[in-house]
Amino acid sequence: MILMMPIIQLIVIPLAADYEIKQISISVVDQDHSPYSQKLVHKLTASGYFQLVEYTQSYAQASKTVNNGNTDLILTIPQHFERDLIKSNKAQLHLAADAVNGVRAGLGTAYAAQMIGDFNREVREEWMLLPKFNEIPQIEITSANWFNQHFDYHLFMVPGILAILVTMVGCFLTALNIVAEKEVGTIEQINVSPIKKYEFILGKLIPFWVLGMVSITLGMVFAFLIFRIIPVGSYLTIYAFSAVYLLGVLGIGLLISTFADTQQQATLFSFFCMMVFILLGGLYTPIESMPEWAQWLTRINPPAYFIKVIRAVFIKGSSFSDLIPDFLAMIGFAILFNALAVFNYRKRSA
Amino acid sequence: MATVHVENIKKTYEKGTVTALENVSFDVKSGELFGLIGPDGAGKTSLFRVLTTLLLPDEGQAQVAGFDVVKDFWEIRRIVGYMPGKFSLYQDLSIEENLNFFATVFNTTLAKNYHLIEEIYVQIEPFKKRLAGKLSGGMKQKLALCCALIHEPKVLFLDEPTTGVDPVSRKEFWDMLDRLKSRGITIVVSTPYMDEASRCDRIALIQKGKILELDTLDKILGRYTQNLYAVDADNRYQLMKDLRMPAEIESSFAFGEEQHVTLRTQENGERYLTNYLTERGHTSITVRPILPNIEDTFIKLMLENQ
């Protein structure tokens with residue numbers, strides 16, 4: 001049960017939560033009706049990314065379609081598009097996006113812009129053949145996607161979820177386990193015994209540490225079985241980081257358990273922590289695009305480091321020495337949280 | 001020498017607004033079976049938690065086997081056995097696993113100290129593979145006692161061990177305590193059941209954080225000679241109401257089938273009560289003088305302290 005939940009997540013989330021956007025609906029307001037405008041529309045629809053839902057002359061009509069939620073983008077081709085393009089060597093297009101779904105709007109306009117750029121180049125090439133034009137110097141940008149050539153979303157997501165899986169096992173279970181002892185009262189019996197604080201805490205840490213290591217192993221097995229994802233880097237690096245990272249997360253769990261009195265409190269608090277961990281951990285949104293203050297917060301968010309490391313090892317094949325600063329940070333977290341937990345755990349109450 | 005020495009212990013909760021223990025002092029002699037008797041909320045559990053080093057007292061001091069509960073708590077934890085009022089063994093472990101676990105916690109083994117618990121353990125041994133959470137109330141208590149005894153404690157603290165246990169198991173449990181006592185273990189036990197007082201060597205009656213009386217049961221009973229009568233009549237409800245009215249009657253409590261009545265005047269109580277009740281029209285009146293039991297005494301002490 002404990003291991004099934006994250007594994008189901010590992011399987012379902014990368015498959016479902018796909019950022020690659022296909023099938024963007026587009027309305028074209030063509031006020032030009034020229035061969036060039038036809039060509040542009042044809043180019044867009046032929047790409048497979050866009051689905052032409054409407055081809056109209058009136059912007060008002062297209063805007064109504066947006067309001068109905070039936071289209072994502074409006075491309076307006078103004079009158080005299082072709083004439084301006086040929087005569088004055090430039091022409092304007094208007095692109096409007098329904099930004100309720102920001103991701104869709106952003107990606108849609110980006111794709112469209114890219115394609116219009118392409119179209120522009122083709123037009124230039126066509127003219128270039130005519131000798132009466134001088135060669136125009138131009139810079140063409142071509143990008144190569146390193147490490148994840150085909151922008152495979154799974155390759156990006158699976159290692160991240162693997163990191164969250166380990167965090168959940170470590171943080172949730174430890175916190176709940178100790179608080180359960182408080183609730184049932186077994187901790188009373190332990191407290192009157194000559195067991196030392198550190199012995200008790202070690203006794204709690206070790207099983208969950210082992211469980212965490214097992215869960216990352218299982219996670220990697222499933223990542224291979226289902227997504228055929230194999231870390232490019234070394235397993236040893238992954239395990240070394242997991243080992244240290246788990247200590248830190250277990251420390252957080254312990255810390256929660258020292259001030260929560262009931263499992264309900266512990267659950268709520270762990271849940272809150274998980275939300276922060278995930279949202280500020282760079283799992284879904286890149287840390288680099290967060291505002292500066294949030295980027296500072298991610299620096300004190302242990303999963304942010306682990307997600308980064310796991311992705312680096314899985315996708316880039318980073319070696320241990322590349323990631324030493326992250327390793328040191330994780331050691332720091334492990335020491336900090338465990339020290340706080342030991343300090344805060346009291347065998348007797350005042 | 002006193003095995004447990006308690007001196008002016010004071011403990012408050014909620015920033016001093018709730019007083020759990022107020023200047024509690026007493027001594028428990030070595031090898032004694034000492035009973036703390038009082039209703040729920042009297043402060044029994046707080047006192048146990050102070051003595052087992054789980055709770056720091058606000059004021060006062062206490063020693064267990066010569067060790068201070070605040071300073072020498074490590075030594076105390078090695079030599080006391082504590083059975084909390086709430087069943088607090090691992091419900092998801094079997095009887096055997098619980099025993100082994102607690103033996104290991106105290107750096108010993110079940111085999112090594114088997115003789116200590118044998119007598120009690122044989123009763124639950126047939127079920128040793130059963131999970132502790134699936135045991136009956138009486139069996140749970142026996143297991144908890146075994147776990148508290150496994151490290152050969154010098155002092156045993158039992159917090160309401162018989163609460164929620166059937167009468168037969170209760171009797172058995174007290175028989176077991178007698179045998180433990182004969183082995184020289186000092187036992188401090190708390191109970192809300194007054195009838196269990198007779199099984200203790202000495203008892204302390206505790207109410208609202210204060211010790212009302214402390215002595216052997218007989219001496220306490222002897223100290224409070226009361227003008228006590230057991231009264232009965234046909235119309236029980238009317239009887240209860242009528243007995244509350246006259247100024248001569250000090251207290252009147254329902255006690256099983258009868259009404260226990262104490263009078264302020266010393267003489268001719270029997271005749272006074274019979275006459276009074278006949279006047280009020282009661283039939284089949286029986287009035288007989290009785291010797292106060294522990295409950296009568298407790299009620300009297302409680303009323304005096306209010």
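Heavy-atom basis, side chains included; hydrogens, waters and symmetry copies ignored. The sequence lines fix the lettering, A, B, ..., with proteins before strands; numbering per chain opens at 1.
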Engineer: In terms of heavy-atom contacts, does CD1 of A:Ile331 have more than 12 from other residues, nucleotides or ligands at under 6.0 Å?
Structural biologist: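 Counting neighbours around CD1 of A:Ile331, more than 12 heavy atoms of other residues, nucleotides or ligands fall under 6.0 Å, so yes.
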Engineer: Tell me, side chain or backbone of B:Gln91 under 4.5 Å from chain A's heavy atoms, or both, or neither?
Structural biologist: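 Only the side chain of B:Gln91 comes within 4.5 Å of chain A.
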Engineer: Tell me whether A:Phe343 at atom CZ has more than 12 heavy atoms from other residues, nucleotides or ligands lying less than 6.0 Å away.
Structural biologist: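 No, not enclosed.
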Engineer: Please look at B:Phe87 and chain A and tell me whether the side chain, the backbone, both or neither of the residue comes under 4.5 angstrom of a heavy atom of that chain.
Structural biologist: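 B:Phe87 touches chain A through backbone heavy atoms alone.
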Engineer: Apply side-chain contact (heavy atoms from CB on, under 4.5 Å) to residues B:Val105 and A:Phe200 and explain how you reach the verdict.
Structural biologist: CA-CA 10 Å; B:Val105 162; A:Phe200 177 77; over 6 Å; no
Engineer: Nearest 0.5 Å please: distance from the OG1 atom of A:Thr186 over to the CZ atom of B:Phe102.
Structural biologist: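 Rounded to the nearest 0.5 Å, the OG1-CZ separation comes to 7.5 Å.
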Engineer: Mind checking what makes side chain to side chain donor-acceptor pair (under 3.5 Å) contact with B:Arg183, not counting sequence neighbours?
Structural biologist: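 B:Arg183: no side chain to side chain donor-acceptor pair (under 3.5 Å) contacts found.
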Engineer: Would you find more than 12 non-hydrogen atoms of other residues, nucleotides or ligands less than 6.0 Å from A:Phe259 atom CZ?
Structural biologist: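 Yes, the 6.0 Å shell around CZ holds more than 12 heavy atoms from other groups.
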Engineer: Using distance only, find each side-chain donor-acceptor pair of residues 14-23 of chain B under 3.5 Å and give its atom names and separation, not counting sequence neighbours.
Structural biologist:
| from | atom 1 | to | atom 2 | distance (Å) |
| --- | --- | --- | --- | --- |
| B:Thr17 | OG1 | B:Glu14 | O | 2.7 |

Engineer: Please name all residues satisfying ring pair (Phe, Tyr, Trp, His ring centres under 6.0 Å) with B:His151, sequence neighbours left out, ordered by chain then number.
Structural biologist: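 For B:His151, the residues satisfying ring pair (Phe, Tyr, Trp, His ring centres under 6.0 Å) (neighbours in sequence not counted) are B:Phe106.
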Engineer: So, for A:Gly185 and B:Lys86, which heavy atoms are closest and what is the spacing to 0.1 Å?
Structural biologist: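 Of all heavy-atom pairs spanning A:Gly185 and B:Lys86, the closest is N-NZ, 4.2 Å.
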Engineer: Let me confirm one number: the CG-CZ distance from A:Asn191 to B:Arg77, rounded to the nearest 0.5 Å.
Structural biologist: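 Taking CG in A:Asn191 and CZ in B:Arg77, the distance rounds to 6.5 Å.
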Engineer: Considering non-hydrogen atoms only, spot the tightest contact between A:Glu188 and B:Tyr82 and give its length.
Structural biologist: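 Here A:Glu188 and B:Tyr82 meet closest at OE1-OH, 4.0 Å.
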Engineer: Around B:Lys208, counting heavy atoms of other residues, nucleotides and ligands shown, do more than 12 lie under 6.0 Å from its NZ?
Structural biologist: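 It does not: B:Lys208 NZ has 12 such atoms or fewer within range.
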Engineer: Please report the closest heavy-atom contact between A:Val184 and B:Leu89, naming both atoms and the distance.
Structural biologist: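 Nearest pair, atom of A:Val184 first, then B:Leu89: CG1-O, 4.5 Å.
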Engineer: Looking at B:Glu118, I'd like to know if its CD atom is crowded, meaning that more than 12 non-hydrogen atoms belonging to other residues, nucleotides or ligands lie closer than 6.0 Å.
Structural biologist: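 Correct, the count exceeds 12.
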Engineer: Decide if atom NZ of A:Lys182 counts as having more than 12 heavy atoms of other residues, nucleotides or ligands within a radius under 6.0 Å.
Structural biologist: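 Count over threshold, so yes.
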Engineer: If I measure from the heavy atoms of chain B, does A:Glu199 come under 4.5 Å with its side chain, its backbone, both, or neither?
Structural biologist: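 No part of A:Glu199 comes within 4.5 Å of chain B.
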Engineer: At under 4.5 Å between heavy atoms, what parts of residues 125-140 of chain B are in contact with chain A? List them by residue number.
Structural biologist: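 From residues 125-140 of chain B, none sit under 4.5 Å of chain A.
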Engineer: Would you find more than 12 non-hydrogen atoms of other residues, nucleotides or ligands less than 6.0 Å from A:Lys204 atom NZ?
Structural biologist: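 Enclosed: over 12 neighbouring heavy atoms sit under 6.0 Å from NZ of A:Lys204.
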